[in-house]
Amino acid sequence: MKIALIGYGKMGKEIEKVARSRGHEIVCIIDINNQEDFESEAFKSADVAIEFTNPMVAYSNYMKAFKAGVKLVSGSTGWMAKHGEEIKKLCTEGGKTLFWSSNFSLGVTIFSAVNKYLAKIMNQFPNYDVTMSETHHIHKLDAPSGTAITLAEGILQNIDRKDKWVKGTFAAPDGSISGTNDCAPNELPIASIREGEVFGLHTIRYESDVDSITLTHDAKSRGGFVLGAVLAAEYTAQHEGFLGMSDLFPFLND
Ligand SMILES: NC(=O)C1=CN([C@@H]2O[C@H](COP(=O)(O)OP(=O)(O)OC[C@H]3O[C@@H](n4cnc5c(N)ncnc54)[C@H](OP(=O)(O)O)[C@@H]3O)[C@@H](O)[C@H]2O)C=CC1
Ligand SMILES: O=C(O)C1=N[C@H](C(=O)O)C[C@H](O)C1
């Protein structure tokens with residue numbers, strides 16, 4: 001399959017290696033300095049373009065790829081709140097194709113399914129309150145992470161007493177990070193921590209007066225995101241519309 005890359009940073013470079021190892025051809029690499037290549041024959045020849053850039057430029061990259069008639073896979077986060085509805089409509093009604101996920105790793109896809117199931121159970125147990133935290137490397141531009149927002153949406157859809165997520169603070173057990181979650185009962189706080197080169201650590205914590213239940217996903221490298229993005233590209237070459245991990249792994253749907 002012919003793949004174009006949009007964004008040649010930490011993710012773009014690792015995706016190039018894995019895509020080549022799976023027998024795909026990289027026909028074009030677009031970074032910040034060669035935007036004119038969106039018009040090139042090489043870019044237009046791609047079966048799929050894989051986009052990993054940043055929250056500020058993702059939307060305009062999607063528009064350029066759509067104009068060139070190239071299907072997209074993207075993992076860029078932080079753009080959904082502003083442009084999500086428009087992009088979804090372009091895909092569901094306008095003939096464009098985007099496979100987007102806030103997290104392409106199989107582990108987080110499983111974690112998300114468990115999160116929704118646990119939230120359904122916790123809807124019946126109002127003595128537990130729920131909080132979330134996410135930790136990422138210091139280069140990350142958006143907070144909360146896209147994954148944390150997706151996980152929060154899974155909780156809000158299933159727990160009637162919660163109807164919005166808010167940015168929270170974090171009190172570590174050893175007291176190293178100060179602050180407490182000070183929010184209304186209908187709010188779900190998400191604390192964001194930026195530390196070293198952490199690949200992605202997400203924790204959901206339910207707490208009652210007598211105990212706590214925590215679910216954690218800890219990425220050991222970018223390997224899971226990278227393989228998931230290439231698998232999504234292979235799927236997208238054969239499908240159309242607004243696609244996501246629930247299309248790739250339908251057996252995880254509820
Ligand atoms: N969904 C998922 O599974 C995952 C999502 N992500 C998300 O993916 C995004 C990228 O992550 P990561 O690779 O770590 O980030 P990097 O900053 O390492 O890479 C982004 C690259 O995009 C380049 N870039 C900037 N503007 C443009 C533009 N207009 N067109 C093309 N390229 C551009 C940057 O160039 P320059 O440095 O010169 O600005 C940089 O090389 C982030 O939003 C992150 O949150 C990350 C990992 C997994
Ligand atoms: O910026 C990152 O690195 C990551 N971003 C995604 C997010 O915002 O959830 C996914 C992953 O956690 C790594």
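Along the sequence shown, the residues carry numbers beginning at 1. Just follow the structure's listing: the first ligand is 1, and inside any ligand the first atom is 1.
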Salt bridge check, [Y] against [X]: does any charged N sit closer than 4.0 Å to a carboxylate O?
X: Arg20; Y: Glu16; result: yes
X: Asp37; Y: Lys64; result: no
X: Lys140; Y: Asp142; result: yes
X: Glu25; Y: Lys2; result: no

Contact partition for [X] relative to ligand 2, non-hydrogen atoms under 4.0 Å:
X: Ser145; result: both
X: Phe199; result: backbone
X: His136; result: side chain
X: Asn103; result: side chain
X: Lys10; result: neither

Consider every N or O of [X] and every N or O of ligand 1, then say whether any pair is closer than 3.5 Å.
X: Pro55; result: no
X: Val57; result: no
X: Lys140; result: yes
X: Phe225; result: no
X: Arg222; result: no

Report task. Can you label the angle between the Phe66 ring and the Tyr62 ring as parallel, tilted or perpendicular, going by 30° and 60°? Result ->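 Tilted, since the angle between the ring planes falls between 30° and 60°.
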May I ask whether [X] has any heavy atom positioned less than 4.0 angstrom from an atom of ligand 1?
X: Ser102; value: yes
X: Lys13; value: no
X: Glu51; value: no

**Report entry** Aromatic Tyr8 / basic Lys13 pairing, under 6.0 angstrom, 45° off normal
**Finding:**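 Yes, a cation-pi geometry.
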What's the shortest distance from [atom] to any protein heavy atom, and which residue and atom give it?
atom: atom 45 (O) of ligand 1; answer: Thr77 OG1, 2.7 Å
atom: atom 9 (O) of ligand 2; answer: Thr147 OG1, 2.5 Å
atom: atom 14 (O) of ligand 1; answer: Lys10 CE, 3.3 Å
atom: atom 35 (O) of ligand 1; answer: Asp31 OD1, 3.3 Å
atom: atom 21 (C) of ligand 1; answer: Gly9 N, 3.8 Å
atom: atom 4 (C) of ligand 1; answer: Phe52 CE2, 3.6 Å
atom: atom 1 (O) of ligand 2; answer: Lys140 NZ, 2.9 Å
atom: atom 10 (C) of ligand 2; answer: Ser102 O, 3.4 Å
atom: atom 2 (C) of ligand 2; answer: His137 NE2, 3.5 Å
atom: atom 39 (O) of ligand 1; answer: Ile32 CD1, 4.2 Å
atom: atom 5 (C) of ligand 1; answer: Gly75 O, 3.0 Å
atom: atom 28 (C) of ligand 1; answer: Gln35 NE2, 3.4 Å

**Report entry** Option with minimal heavy-atom separation from atom 1 (N) of ligand 1, where the choices are Ala219, Ser101, Gly228, Gly200
**Finding:**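 It is Ser101 that holds the nearest heavy atom.
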Requested in this report: Would you tell me which option among Asn54, Asn61, Thr53 has the nearest heavy-atom contact to atom 9 (C) of ligand 1?
Outcome: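 Result: the heavy atom closest to atom 9 (C) of ligand 1 is in Thr53.
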Report task. Identify the heavy atoms of Glu134 and Ala148 that sit nearest to each other, and give their distance. Result ->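 Of all heavy-atom pairs spanning Glu134 and Ala148, the closest is CG-CB, 3.9 Å.
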Query raised in the report: Do we see a donor-acceptor contact under 3.5 Å between the side chains of Asn158 and Tyr117?
Result: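 Asn158 vs Tyr117: no donor-acceptor pair found between side chains.
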Requested in this report: Mark yes when over 12 heavy atoms from residues, nucleotides or ligands other than Glu39 sit less than 6.0 Å from its CD; otherwise mark no.
Outcome: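 For Glu39, atom CD is not crowded (no more than 12 foreign heavy atoms under 6.0 Å).
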Query raised in the report: Does atom CD of Gln238 have more than 12 heavy-atom neighbours from other groups under 6.0 Å away?
Result: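 Counting other residues, nucleotides and ligands, CD of Gln238 stays at 12 neighbours or fewer.
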Query raised in the report: Quick one: are the ring centres of Phe225 and Phe104 less than 6.0 Å apart?
Result: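 They do not qualify: ring centres at least 6.0 Å apart.
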Report task. Using a strict cut-off of 4.0 Å, indicate which atoms of ligand 1 neighbour a heavy atom of Gly7. Result ->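 Contacts of ligand 1 toward Gly7, numbered from 1: 22 (O), 31 (C), 32 (N).
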Query raised in the report: Taking only heavy atoms of Ile30, which atoms of ligand 1 are found under 4.0 Å from at least one of them?
Result: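 Near Ile30, meaning under 4.0 Å from one of its heavy atoms, ligand 1 has 31 (C).
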Query raised in the report: Which is it for His202 and Thr216 under the side-chain hydrogen bond (donor to acceptor under 3.5 Å, both in side chains) test, yes or no, and what are the steps along the way?
Result: CA-CA 6 Å; His202 292 88; Thr216 293; over 6 Å; no
Report task. Looking only at distances, please establish whether an N/O atom of ligand 2 is found under 3.5 Å from an N/O atom of Gly146. Result ->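 N/O-N/O distance below 3.5 Å exists for this pair.
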Query raised in the report: Looking only at N/O atoms, are His202 and ligand 2 under 3.5 Å apart anywhere?
Result: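 No, no N or O pair falls under 3.5 Å.
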Query raised in the report: Considering all protein heavy atoms, does one lie under 4.0 Å from atom 30 (N) of ligand 1?
Result: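 Looking at atom 30 (N) of ligand 1, one finds that a protein heavy atom does lie closer than 4.0 Å.
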**Report entry** Heavy atom of protein closer than 4.0 angstrom to atom 37 (O) of ligand 1
**Finding:**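 No, because not a single protein heavy atom sits under 4.0 Å from atom 37 (O) of ligand 1.
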Report task. Kindly compute the distance separating CZ (Phe111) from CG (Leu118), expressed to the nearest 0.5 Å. Result ->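 Going from CZ on Phe111 over to CG on Leu118, the span is 9.5 Å.
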